[in-house]
Engineer: 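To start, I am sharing the structure in question, which I have written as structure tokens.
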Amino acid sequence: MNPPNCPNCANRPPLWKDTSATAPGAADRWHWHCTACHRSYEPSASHKVRFTYAPLARQASLLGR
């Protein structure tokens with residue numbers, strides 16, 4: 001699953017998922033950040049679902065199943 005690309009930059013670099021404002025038990029406050037133009041973008045509802053949780057197959061492999 002690839003992150004979205006920056007809509008502002010001409011070369012459309014991938015956005016970075018900035019989780020610096022998250023903590024266990026806290027509200028989900030991550031956002032997208034572009035390292036080229038330094039803008040931040042709020043993730044869409046579908047991005048929050050797709051990029052907040054690991055895919056089930058990945059979760060199982062992390063648990064040793």
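Owing to the predicted nature of the structure, the values given are computational and were not obtained by experimental measurement.
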Engineer: To the closest 0.5 Å, what do you measure between CZ (Phe51) and CG (Asn2)?
Structural biologist: 7.5 Å

Engineer: Nearest 0.5 Å please: distance from the OG atom of Ser40 over to the CH2 atom of Trp30.
Structural biologist: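 Here the rounded value is 12.0 Å.
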
Engineer: Roughly how far, to the nearest 0.5 Å, is CG of Leu15 from SG of Cys37?
Structural biologist: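 Taking SG in Cys37 and CG in Leu15, the distance rounds to 8.0 Å.
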
Engineer: Looking only at heavy atoms, which two atoms of Asn5 and Arg12 are closest? And how far apart?
Structural biologist: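 What the structure gives for the nearest pair is ND2-O, 2.7 Å.
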
Engineer: Determine the interplanar angle of the His38 and His33 rings, folded into 0 to 90°, and report it as parallel if under 30°, tilted if 30 to 60°, perpendicular if over 60°.
Structural biologist: tilted

Engineer: Nearest 0.5 Å, what's the OG1-NE2 distance between Thr19 and His31?
Structural biologist: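 Nearest 0.5 Å value for the OG1-NE2 distance: 9.5 Å.
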
Engineer: Are more than 12 heavy atoms, taken from residues, nucleotides or ligands other than Arg29, located less than 6.0 Å from that residue's CZ atom?
Structural biologist: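 Atom CZ in Arg29 is not crowded, with 12 or fewer foreign heavy atoms closer than 6.0 Å.
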
Engineer: If the test is side-chain contact (heavy atoms from CB on, under 4.5 Å), which one of Pro4, Pro3, Cys6, Cys34 qualifies with Pro14?
Structural biologist: Pro3

